[in-house]
Structures are given as C-alpha cells and as structure tokens.
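The next block holds one structure in the form of structure tokens; read it before the comments.
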Amino acid sequence: MWALLSFGQLLQERWGQCMFGAVFVSACVVSSAAVSALAAVLPAAALAAPGLGASGGIMALVCASCLLEPNARVSLPFVPGYSVRAGEI
C-alpha cells in the first residue's frame with residue numbers, strides 16, 4: 001500500500017484517474033497471466049505460490065514513475081537516511 005500511495009499519486013496527477021486505473025488493472029492482469037503461463041510450463045515445485053495479483057501492477061507503477069521522473073529521490077521508510085535516484089533503480 002505504501003508503494004501504491006507513493007508512486008500512484010505522481011502517475012495519477014500526470015495521467016488522470018481513468019488512465020491510471022486502466023494501466024494499473026492492465027498490469028495486474030498481464031502479470032497474473034504471465035505467472036499462470038509460467039506455472040503451466042514449470043514444474044509445481046518451481047512456483048511455491050503461483051499468484052501475483054496486485055504486486056505486478058504495483059511494480060509496473062514503480063517502473064513507470066522511475067521512467068517519468070529519473071532524477072527524483074526514492075527512499076525506503078524502514079531504512080532512514082538512505083535514498084537513491086529513481087533512474088538508478
């Protein structure tokens with residue numbers, strides 16, 4: 001939820017609510033389909049939990065934010081004082 005709140009605000013301001021929602025839902029569907037395809041190809045032991053859901057969509061939003069704002073500083077709330085440029089992620 002932290003990543004969605006942090007990175008989602010930037011993208012929602014740039015793209016608008018409809019485009020943001022469409023990109024997020026599309027990324028969730030595509031990432032889930034990719035994991036399902038991998039689960040069909042790989043043995044059952046290779047994928048302990050063959051579900052991806054919203055985490056694939058959030059990763060897509062993080063990547064889009066980093067591409068749009070490569071000079072922005074990104075920090076983690078559980079590592080105080082450490083930040084990195086978004087373009088380096």
Side-chain angles (χ1 to χ4, degrees):
M1 293 307 287
W2 171 80
L4 183 59
L5 178 67
S6 298
F7 295 98
Q9 287 179 342
L10 169 74
L11 295 175
Q12 189 175 8
E13 288 174 4
R14 284 212 176 184
W15 293 341
Q17 288 182 344
C18 290
M19 182 68 160
F20 173 79
V23 168
F24 181 67
V25 170
S26 298
C28 289
V29 169
V30 168
S31 62
S32 293
V35 169
S36 296
L38 277 175
V41 174
L42 296 176
L47 289 173
L52 193 59
S55 60
I58 290 175
M59 187 62 187
L61 295 181
V62 169
C63 291
S65 297
C66 291
L67 288 172
L68 290 174
E69 295 288 337
N71 294 321
R73 301 297 294 179
V74 178
S75 62
L76 300 173
F78 48 84
V79 183
Y82 178 75
S83 67
V84 65
R85 277 188 43 241
E88 296 172 357
I89 294 179

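Counting from 1, the numbers follow the sequence of the chain as shown. Values in this document were obtained by computation on a predicted structure and should not be read as measured data.
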Smallest separation among heavy atoms of Ala60 and Ala27, with atom names: CB-CB, 3.5 Å
ILVMFWY cluster, Val62 and Val23 together (side-chain gap under 4.5 Å): yes
Nearest-0.5 Å distance, CD1 of residue Ile58 to OG of residue Ser6: 10.5 Å
Same apolar cluster (I L V M F W Y, side chains within < 4.5 Å links), Val35/Val25: no
Value rounded to 0.5 Å, distance of CZ in Phe20 from CD in Glu13: 11.0 Å
Within 6.0 angstrom of Glu88 CD, more than 12 heavy atoms from elsewhere: yes
Residue pair Ala54 / Cys28: nearest heavy atoms and the distance that separates them: CA-SG, 3.7 Å
Trp2 with Val79, same ILVMFWY side-chain cluster at under 4.5 Å: yes
SB check Glu69 Arg85 (cutoff 4.0 Å): no
Shared hydrophobic cluster for Phe7 and Met19 (ILVMFWY, side-chain gaps under 4.5 Å): yes
For Phe78, side-chain contact (heavy atoms from CB on, under 4.5 Å) partners two or more places apart: Leu76
Nearest-0.5 Å distance, CG of residue Leu61 to SG of residue Cys66: 11.0 Å
Residues in side-chain contact (heavy atoms from CB on, under 4.5 Å) contact with Ala64, at least two apart in sequence or another chain: Leu11, Trp15
